Amino acid sequence: MSAPTQSQLFSPNSRSTQQEFDVIVIGSGIGGLVTATQLAAKKAKVLVLESYTIPGGSAGYFDREGYRFDVGASMIFGFGQRGTTNLLTRALKAVNVTLETIPDPVQLHYHLPSGLELEVPQAYDKYLQELTDRFPHEREGIHKFYGECWKVFNCLNAMELLSLEEPGYLVRVFFQNPLACLGLVKYLPQNTGDIARRYIKDPTLLKFIDMECYYWSVVPADLTPMINAGMVFSDRHYGGINYPKGGVGQIAQKLVEGLEKCGGKIQYKAKAKKIITENGRAVGVELATGEVYRAKRIVSNATRWDTFEKLLPAEEMPASEKKWQQRYQKAPSFLSLHLGVEASVIPAGSACHHILLEDWDKMEAPEGTVLVSIPTVLDPDLAPAGYHIVHAFTSSWMEEWEGLSQQEYEDKKEEAAGRIIERLEKIFPGLDAGLDYMEVGTARSHRRFLGREDGTYGPIPRQKLMGLLGMPFNRTSMPGLYCVGDSTFPGQGLNAVAFSGFACAHRIAVDLGF
Ligand SMILES: Cc1cc2nc3c(=O)[nH]c(=O)nc-3n(C[C@H](O)[C@H](O)[C@H](O)COP(=O)(O)OP(=O)(O)OC[C@H]3O[C@@H](n4cnc5c(N)ncnc54)[C@H](O)[C@@H]3O)c2cc1C
C-alpha cells in the first residue's frame with residue numbers, strides 16, 4: 001500500500017491521522033511557536049494546532065477599516081542585536097527569517113499622581129538623571145537599586161538561555177560561567193520590593209518602583225521576582241525596545257514562515273478539545289472536530305488552567321498542579337480600547353507608550369492604571385494617512401462582564417470606554433473629538449479570541465513567594481506532556497515566553513535525542 005499523501009493525512013473527514021509527529025504544540029502563541037521552530041530547526045516533525053485563524057495569540061493583530069491593531073503586546077523586548085537575552089532575534093534567526101524592527105527611543109512616559117511626569121529614555125544615564133532630578137535625596141539609592149538590576153541582567157546575558165531542568169546544560173553553563181550562575185542562584189528567590197527597600201526610603205519613589213513593576217507584572221514590587229525586574233529594567237537600555245515593522249503580528253507570521261521552511265506544519269481553526277492519554281502518558285490530541293493527531297511529545301501553549309482543567313479532566317488534576325494553584329492565581333484580564341484617531345490628537349514627539357494613574361491607591365484596582373500604546377508613532381503605515389492608532393488598556397475582571405444581555409454588554413462597554421477616554425483627555429486633549437474608529441475588547445473578548453480562561457493575563461502570586469522559585473518549568477507531572485508560555489518560568493511578556501519556548505524545545509530535544 002502506498003504511503004498516504006499530506007492531503008489524506010489532514011483530510012477534514014478523517015477521524016484519526018496515520019502519521020505520528022515527534023511533537024504537537026497546542027497553540028501558536030509566541031511560546032508555542034518558539035518551541036515549534038526550535039524543534040523543527042533540529043529536524044523534528046512538528047505540528048502546531050491553533051484554534052484561531054492566524055498565529056500569535058496575545059501577540060496577534062486584527063485589521064479594521066485601514067487600521068492594523070495589535071491585540072495586546074506592543075512594547076517589545078528581545079529584539080536587541082547583542083548578548084544572549086535577545087531571544088526574539090535569535091528565535092527568528094534559528095529558522096532563517098528576519099524582521100525589520102524600529103528602535104523606540106523612549107520606552108515609556110509616566111503620567112503619575114501629584115504631577116510626577118517622567119520619561120524612560122533608552123540611554124541609561126539619561127534615565128537615572130531624570131529620576132534623580134525628581135528625587136535628588138535618593139540619588140545613591142537609585143543608583144544602587146538599578147545597579148543591582150544590572151547585576152541580574154549581566155548574569156543572564158552571559159549565558160545561553162536554555163532549559164534549567166536539563167542537568168547536562170546546567171553543568172556546562174556552570175563551568176562556562178560560574179560567577180554568573182552563582183549570581184542567578186542568589187537572585188532567583190528574591191523579590192524586587194525587598195531589594196528596592198534596601199536602598200530607597202522615599203515612599204513616593206517606592207511607589208514609583210511598584211509602578212515600574214506593575215505595568216508588566218501586574219503586581220507591585222514586593223510580589224515581582226527580581227530576575228524579571230533585572231531583565232526589564234536593564235534590557236530596555238541594552239537591547240532596547242524595538243517595534244516590528246508592520247505590527248507585532250509580524251513576529252508570529254515570520255515564525256510560522258520559518259517553521260514551514262523547516263518542514264513543520266501549522267493548522268488553523270484546529271481547536272484542541274482534549275489531550276489523549278494512554279497509561280497515564282500524553283500521546284495525542286483530539287480536536288473539537290473529532291480529528292485525532294498523535295505524537296511522541298505534546299506541548300500545551302494554553303494557560304495551565306486551560307490545560308489541566310479543560311484539555312485534561314479537572315477531576316484528575318495532578319497534586320503538583322493543585323499545589324501550584326494554591327500559590328498562584330489568575331491575574332485579571334483587560335478592558336482594551338482600540339482607537340483610530342486624527343493625527344492632530346497626538347502631539348509631535350509623543351512617546352509610543354504611556355502610563356496614566358491619578359491615585360496611587362488605585363494602581364491595582366480595576367480601571368486603575370491605564371496603559372497606552374501608539375504604535376503609529378513608530379510605524380505610521382499601521383493607520384491611514386493622517387491618523388494614529390491608540391491602544392488603551394486597563395485591568396478588568398471577568399465577573400464584571402458576565403450575566404449581561406447583549407444590549408447591557410454593549411452599553412457597559414460604551415460607558416467604560418467613555419470613562420477611559422475622559423481620563424486620557426488629560427494627556428491627549430481632543431481625543432474624544434478626534435475619534436475616527438473605536439472597538440472595545442473585554443475579558444470576554446480575551447477569553448474568546450485568545451482561548452485564555454477568564455481572559456487572564458497570566459499567573460500572579462497569591463501572596464509573597466520566593467521570587468521565581470515557584471514558577472514551573474516545562475515538564476509536567478504527566479509523562480509526555482509539557483507546558484510552554486506565560487504559565488511557565490519565567491512568566492508573562494514576549495521575550496519571557498520566548499525564553500520558555502527555547503527551554504521547552506531544548507528539554508524535548510534532549511528527551512527525544514535530537
Ligand atoms: C493587552 C495586553 C498587552 C500586553 N502588552 C505586552 C507588551 O507590551 N509587551 C510584552 O512583551 N508582552 C505584553 N503582553 C503579554 C504577552 O502578550 C503575553 O505574555 C504573551 O503573548 C503570551 O504568549 P503565550 O505563548 O503564553 O501564549 P498566548 O499568546 O496566550 O497564545 C496561546 C495560543 O494558543 C491558542 N490556543 C489556546 N487554547 C487552544 C486550544 N485548545 N486549541 C488550539 N489552540 C489553542 C490560542 O488561540 C493562542 O493563539 C500583553 C498582553 C496583553 C493581553
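Index from 1, following the sequence. Please read all numbers here as calculations on a predicted model, not as lab measurements. All ligand and atom numbering here is 1-based and tracks the order in the structure.
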Residue among Glu212, Glu117, Glu119 satisfying side chain to side chain donor-acceptor pair (under 3.5 Å) with Tyr110: Glu212
Centroid-centroid under 6.0 Å between Tyr127 and Tyr146 rings: yes
Ring centres of Trp150 and Tyr124 under 6.0 Å apart? yes
Show me which atoms of ligand 1 lie under 4.0 Å from any heavy atom of [X].
X      : answer
Gly57  : 29 (O), 31 (O), 48 (C), 49 (O)
Leu494 : 10 (C), 11 (O), 12 (N), 16 (C), 17 (O), 20 (C), 21 (O)
Lys271 : 42 (N)
Gln492 : 19 (O)
Ser74  : 7 (C), 8 (O)
Gly72  : 1 (C), 2 (C), 3 (C), 4 (C), 5 (N), 52 (C)
Tyr457 : 14 (N), 15 (C), 50 (C), 51 (C)
Gly56  : 29 (O)

Take every heavy atom of Ser28, measure it against each atom of ligand 1, and state whether any distance is under 4.0 Å. yes
Heavy atom of Ile30, distance to ligand 1 below 4.0 Å: yes
N/O separation below 3.5 Å, [X] to ligand 1:
X      : value
Gly31  : yes
Asn495 : no
His391 : no
Met75  : yes
Ser336 : no

Salt bridge flag under 4.0 Å for residues [X] and [Y]:
X      : Y      : result
Asp22  : Lys42  : no
Lys254 : Glu257 : yes
Arg423 : Glu367 : no
Lys296 : Asp511 : no
Lys413 : Glu410 : yes

Nearest to [atom], what protein heavy atom do you find, and at what distance?
atom                    : answer
atom 42 (N) of ligand 1 : Ala272 N, 2.9 Å
atom 38 (N) of ligand 1 : Ala302 CB, 3.9 Å
atom 29 (O) of ligand 1 : Ser58 N, 2.8 Å
atom 30 (O) of ligand 1 : Arg452 NH1, 2.6 Å
atom 26 (O) of ligand 1 : Asp486 N, 2.9 Å
atom 31 (O) of ligand 1 : Gly29 CA, 3.2 Å
atom 27 (O) of ligand 1 : Asn301 ND2, 3.6 Å
atom 19 (O) of ligand 1 : Gly493 N, 2.9 Å

Return the orientation label for the Tyr67 and Phe69 ring planes: parallel under 30°, perpendicular over 60°, tilted otherwise. parallel
Classify the angle between the aromatic ring planes of His354 and His111 as parallel (below 30°), tilted (30 to 60°) or perpendicular (above 60°). parallel
Ring of Tyr409, cation from Arg444 - is the NZ or CZ under 6.0 Å from the centre and inside 45° of the axis? yes
Within 45 degrees of the ring normal and closer than 6.0 Å to the centroid, is that where the cationic atom of Arg304 sits relative to Tyr328? no
Determine, considering heavy atoms only, which of [options] sits nearest to [atom].
atom                    : options                      : answer
atom 52 (C) of ligand 1 : Phe334, Phe449, Tyr215       : Phe334
atom 36 (N) of ligand 1 : Ser51, Ser333, Gly32         : Ser51
atom 40 (C) of ligand 1 : Leu450, Ile76, Leu287, Ile26 : Ile26
atom 7 (C) of ligand 1  : Gly485, Gly60, Ala73         : Ala73

What I'd like to find out is whether the side chain of Thr85 reaches to under 4.5 Å of the side chain of Phe77, using heavy atoms alone. no
For Leu108 and Ile355 the tightest heavy-atom approach is CD1-CG1, 3.8 Å
Relative to ligand 1, is [X] under 4.0 angstrom through side chain, backbone, both or neither, heavy atoms considered?
X      : value
Leu49  : backbone
Val497 : side chain
Phe77  : neither
Ser487 : neither
Lys273 : neither

Is it true that, when you exclude Glu260 itself, more than 12 heavy atoms of the residues, nucleotides or ligands shown sit nearer than 6.0 Å to its CD? yes
Worked verdict on Lys412 versus Glu415 for salt bridge (Lys or Arg N to Asp or Glu O under 4.0 Å): CA-CA 5 Å; Lys412 194 168 170 157; Glu415 283 163 22; over 6 Å; no
Criterion side-chain contact (heavy atoms from CB on, under 4.5 Å) on Asp222 and Asn191, from CA distance to verdict: CA-CA 6 Å; Asp222 256 352; Asn191 287 304; 5.6 Å; no
Atom pair CD/CZ of Glu278 and Arg294 - distance to nearest 0.5 Å: 4.5 Å
